[in-house]
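This report refers to the structure that appears directly beneath it.
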Amino acid sequence: MAHLPRARRSVAATTLTAMLGASLAALAVTATATGAAAEDCAPAWVSTGDYRQDSVVSYDGQNWKAKWWPGSWDVPGASAWNAWASQGTCGEPTTEPTVEPSVEPSVEPSVEPSGEPSTEPTVEPTVEPTVEPSTEPTVEPSTEPTVEPTPDPEGNPDEICRPDGMAPTEGVDTPYCDVYDTDGREILPNDLERRVIGYFTSWRTGKNGQPSYLASDIPWDKVSHINYAFAHIGPDNTVSVNEDVAGNAATDMTWPGVAGAEMDGSLPYTGYFNLIHQYKEANPGVKVIPAVGGWAETGGYFDGDGNRVADGGFYTLTESQARIDTFAASVVDFIREYGFDGIDIDYEYPTSNAQAGNPDDFAFSDARRGELFEGYVALMKTLREELDRAGAEDGEYYMLTTAVPSSGWLLRGMEVNQITEYADYVNMMTYDLHGAWNKYVGGNGALYDGGDDPELAAGGIYGAYKGIGYLNGDWSTHYWRGAMQAGRINLGVPFYTRGFQDVVGGRHGLGGTAAAPAGYTCPAGTSGKCGNGADGIDNLWYDSDPAGIAIPAGVNPIWHALNLEDGVVGDYTDDYGVPSEIQGDYVRYFDATTKIEWWWNETTKTFLSGDSSEAIAAKTDYVAGQGLGGIMIWEFAGDYEYNQDKRQFEMGDTLVTQMHDALSSTTPYGATKANADRDMPSQALDLSLEYTEFALGDNNYPIAPKVIFTNHGTVDIPAGAMIEFQYGTSDTGEMSDWSGYGTTTVASDHRGDNVGGLDGDFHTARFTVPSSGIPAGGSITNTLKWTLPVAQFSNLIVTIDGVDYATTYDHPRGVTVVEADSGAGSDDDGTEAPGDSGGDTDPGTCSADAWSASTVYLGGELVSYDGHEFTARHWTQGSAPVVGNAYGPWTHVGAC
């Protein structure tokens, strides 16, 4: 998480580049032959060639030059008006050439602003390519499936409890029912219907006289999960809490005389883990999960003396599967040794954006950014499998969770988050959306967009993305909702503030600016364009720079902000080393649209934003209404109670109690990937998707990966089959392709801006399987294109001859995996054979004559094929009609 104090957090930023004009490079075709051509014949024409205007081929003893973009139906010499013009006779080429199309556009985007530490943003280009795509795909045989089919429920008796969309580990009887019910919902303690997850930090030990927050202070009877922050990756690639170092807080510390902190002498360790073990025994339904990483320990770790060792952390661990394997094995040992319920991966961040994350780690992250996300996926997959195997051996289920960013800028560099099938749930870090890493004064954790976010407005983001703003919890929720059910998504809330001073403009500071004062040296990673962070008494939980100087950031626990509101100087300020004098008055405000809660001091022009009672009320309502899994808190120690004797606010559990009361009286969370309006079939085809060839995050505009659809069945998926999928409303909803498959969005739950929230969860897109079909054991590649980040596709339905099938790609619950049942036969090459039984239309069904591969058709002629009627656009022979092919020789008239 972009977490605070112990992390010795330095603010991070992106390096701004000036916006470059977007341009589309010409698409080149290179034709090569394996031998010299006799008499200068060009490479021979093939129907699957990817030709452009001015391409030259040879056919039937002549060279031909393309007058415009030719289609596969344009046979050179077949008619005087088709795409090819004769260049005269020639000899024959001595060998068959190979055609290597270059299909990747060169679009130069600008850097987007980030809700994570960032500098001033720039506008992204909105140029759309004008090139026309090829209509013929390349059939790519696949020998290694990329997805494991849903196992036979009789094989694992706990399959009935597996959450929808989670990938089962092949050959393992994972004990899902230890944690999940038969609807795939997590069984929660303390009468909760939704999760209440809190981070318990290792550094609030009471040293230096500062208030302590111990395991005894956690409201165990009101929460569902506790994340211990932090473990780290040790120098030997194993998980560590410095347990071998004398005096470490986790296993070798005691608190004599503190009620509730007495040690259990029967355990071989003391410290936090001793206390956690005791309280967990007394509250067995509450799960305790150590978090690995965090802001400061993603790219290194703190040694036993408190010094940070920058050795690469996650960045170097995930370079090697052998290192990942070592780490995963150590995680299993760690969980077993201390009795934990799983592991949380807090990797900040496996994104391909330049200069993202902790500036101290840029030497590692920037050098590897093209491989970071692939390594993250490998890490999560390995951990899932190792935890499942260990759980099967131990008879209990071990959880794998992960903290994830919420900024659209960071997510643009994380492909389509192919880790969702491995994580029990994601904890969205929907905070730190604004802070002193730049001058734009906004809320720490906005729930909704208001259409006027100062950072996005300055960067022209609203104009670039049809009014959609991506620095808020609702946008992030819908990003993840596109890939997983609502119940596996948790909304993050900050029990702390971020703030600015000397703010100019805005509404009580909100939306204003606070540039760093002249001569101020901005922290690393901000490119010298930081903001003027609040300091002094307005920065109680400050981080320090390498010289030990407080970094102005306006970071305070909520209980301190409430004391400032009351004009009370707490009795703790000297222990924290901040001034004990208050100037002016702090007035609390709440924005009804964005649900931002903040304090404004008109005298000092200080702005502090964090979540207190009004923001928490809005967010618990949102979690309940959206069917989300629950709320994640950073961190417990920021919660408050009022000490009547001292007349001040202190650490407590008021906000957690508020959450518990709201989330124990609501309905169970959403447990299915598909919403009720999308009836998913009970039969599934063994079809997988692989997302490949993303541009690096800074260049990933438009987002245009190659998506490989692989048929792992033994029967071809025929040409003309329809594939429909859903994706999140975090995007604008203009899905298309560069493959000629006719991909288009056919339905949307939301259109327009997202002021006050997105209206629904999904866009629905569709395309038609091309003339090659998807052969058994083979694949097709669709180069898809969209705009704002989405997290994978969901709820795939393949329709063949009017029959709908789900797919194993979605890892659905309770389906039967079957083979495609189509009337069409296939030739040995895997392509549909039009003359085979079932390939032509039954003459009694359609009035038009059945299409024949040997017949020459002229423009306007009507045929029937596969239960549909088509008219010829122009002269054609041998090209079968395909529903939805906008570039082929046939226009679809309709079903018959």
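Along the sequence shown, residues are numbered consecutively beginning with 1.
- Salt-bridge annotation for R162 and D158: absent, with no side-chain N of the basic residue lying under 4.0 Å from a carboxylate O of the acidic one.
- Looking only at distances, a side-chain donor or acceptor of D810 sits under 3.5 Å from a matching main-chain atom of N795.
- Under the 4.5 Å side-chain criterion, counting only non-hydrogen atoms from C-beta, Y422 is not in contact with L383.
- In this structure, W600 contributes its side chain and L510 its backbone to no donor-acceptor pair below 3.5 Å.
- Put simply, OH on Y470 and OG on S407 are 6.0 Å apart, with the number rounded to the nearest 0.5 Å.
- Counting heavy atoms from C-beta on, the side chains of Y199 and I226 never come closer than 4.5 Å.
- Of all the heavy atoms in I797 and D679, the pair that sits closest is CD1-O, 4.3 Å.
- Aromatic rings from Y228 and F340 are positioned such that their centres are separated by 6.0 Å or more.
- A pairwise comparison of heavy atoms in M484 and S794 identifies N-OG, 4.3 Å as the closest pair.
- Side-chain contact check for K466 versus T787: every heavy-atom pair is 4.5 Å or farther apart.
- The aromatic ring centroids of F636 and F495 lie 6.0 Å or more from each other.
- Test M429, M428, R481 against S476 for side-chain contact (heavy atoms from CB on, under 4.5 Å) and you get one pass: M428.
- Between T351 and L410 the shortest heavy-atom distance is OG1-O, 3.0 Å.
- Aromatic ring pairs are classed by plane angle as parallel below 30°, tilted from 30° to 60° and perpendicular above 60°; the pair F500 and F607 is tilted.
- We find the OG1-CG distance between T402 and L400 to be 7.5 Å, quoted to the nearest 0.5 Å.
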**Report entry** L655/D611 under side-chain contact (heavy atoms from CB on, under 4.5 Å): CA gap, chis, key distance, verdict
**Finding:** CA-CA 9 Å; L655 295 177; D611 285 3; 5.9 Å; no
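- R751 contributes a side-chain N or O that, together with a main-chain N or O of T732, makes up a donor-acceptor pair within less than 3.5 Å.
- L433 and L471 make their closest contact through CD1-O, 3.5 Å (heavy atoms, listed as atom of the first residue, atom of the second, distance).
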Report task. Decide side-chain contact (heavy atoms from CB on, under 4.5 Å) for D749 and D759; before the verdict, give the C-alpha distance in whole Å, the side-chain angles of both, and the deciding distance to 0.1 Å. Result -> CA-CA 6 Å; D749 292 343; D759 297 327; 6.0 Å; no
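- A donor-acceptor pair shorter than 3.5 Å can be found between the side chains of Y622 and D474.
- Put simply, the side chain of T729 does not reach to within 4.5 Å of the side chain of S748, judged on heavy atoms.
- Of the inter-residue distances, the one linking D804 atom CG with L796 atom CG reads 12.0 Å to the nearest 0.5 angstrom.
- The shortest non-hydrogen separation linking I489 to L628 is O-CB, 3.6 Å.
- Heavy-atom minimum distance, G733 versus T745: O-OG1, 3.2 Å.
- Between D639 and I558, every side-chain heavy-atom pair lies at or beyond the 4.5 Å cut-off.
- For T477 and Q626, the side-chain atoms include no donor-acceptor pair closer than 3.5 Å.
- Between the side chains of T764 and Q726, at least one donor N or O lies within less than 3.5 Å of an accepting N or O.
- At a threshold of 4.5 Å between non-hydrogen side-chain atoms, the residues I218 and V286 do not count as touching.
- A distance of 9.5 Å separates OG in S665 from NE2 in H660, rounded to the nearest 0.5 Å.
- Annotation: W475 is not in aromatic contact with Y465 [ring centroid separation under 6.0 Å not met].
- Contact check for T657 versus P219: no side-chain heavy atoms found under the 4.5 Å cut-off.
- Between atom OG1 of residue T620 and atom CE of residue M659 there is a gap of 7.5 Å, rounded to the nearest 0.5 Å.
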Query raised in the report: What do the steps show when you test L562 against R588 for side-chain contact (heavy atoms from CB on, under 4.5 Å), and what is the final call?
Result: CA-CA 9 Å; L562 294 176; R588 191 180 349 174; 3.5 Å; yes
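- Of the options D344, N427, D341, N227, a side-chain hydrogen bond (donor to acceptor under 3.5 Å, both in side chains) to T401 is made by D344 and by none of the others.
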Report task. Could you check Y809 against F793 for ring pair (Phe, Tyr, Trp, His ring centres under 6.0 Å), going step by step and ending with a plain yes or no? Result -> CA-CA 10 Å; Y809 160 77; F793 305 154; 7.7 Å; no
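- Using cut-offs of 30° and 60° on the angle between ring planes, the pair Y349 and W295 is perpendicular.
- Relative orientation of the F649 and Y642 rings is perpendicular, given thresholds of 30° and 60° on the angle between their planes.
- Checking N417 against Y479 by side-chain atom types alone, a donor-acceptor pair falls below 3.5 Å.
- A donor-acceptor pair shorter than 3.5 Å cannot be found between the side chains of T672 and D164.
- Counting only residues at least two apart or in different chains, side chain to side chain donor-acceptor pair (under 3.5 Å) contacts with residues 178-189 comprise Y180-D424, E186-R195, E186-H225, E186-K287.
- Proximity of a side-chain donor or acceptor of H763 to a complementary backbone N or O of D731 within less than 3.5 Å is detected.
- Tested against P350 for a side-chain contact (heavy atoms from CB on, under 4.5 Å), the candidates E415, M380, M414 yield a single pass: M414.
- Side-chain atoms of E193 and T667, non-hydrogen and from C-beta on, never get closer than 4.5 Å to each other.
- With 3.5 Å as the limit, one finds no donor-acceptor pair spanning the side chains of N156 and Y176.
- Counting only N and O atoms by type, the side chains of N643 and E650 include a donor and acceptor under 3.5 Å apart.
- No side-chain donor-acceptor contact under 3.5 Å links S730 and H478.
- Cation-pi geometry between R204 and W541 is satisfied (NZ or CZ under 6.0 Å from the ring centre, within 45° of the ring normal).
- A ring-ring contact (aromatic ring centres under 6.0 Å, His included) with F200 holds for exactly one of W634, Y272, W220, Y279; it is Y272.
- Note that CG of L788 and OH of Y727 are 11.0 Å apart. Values are rounded to the nearest 0.5 Å.
- In this structure, a donor-acceptor pair under 3.5 Å is absent between the side chains of N472 and Y448.
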Requested in this report: For side-chain contact (heavy atoms from CB on, under 4.5 Å), just list the numbers for R498 and V555, CA-CA rounded to whole Å, side-chain angles, deciding distance to a tenth of an Å, and then say yes or no.
Outcome: CA-CA 5 Å; R498 282 198 174 276; V555 179; 3.8 Å; yes
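- If you check the side chains of Y496 and D432, you find a donor sitting under 3.5 Å from an acceptor.
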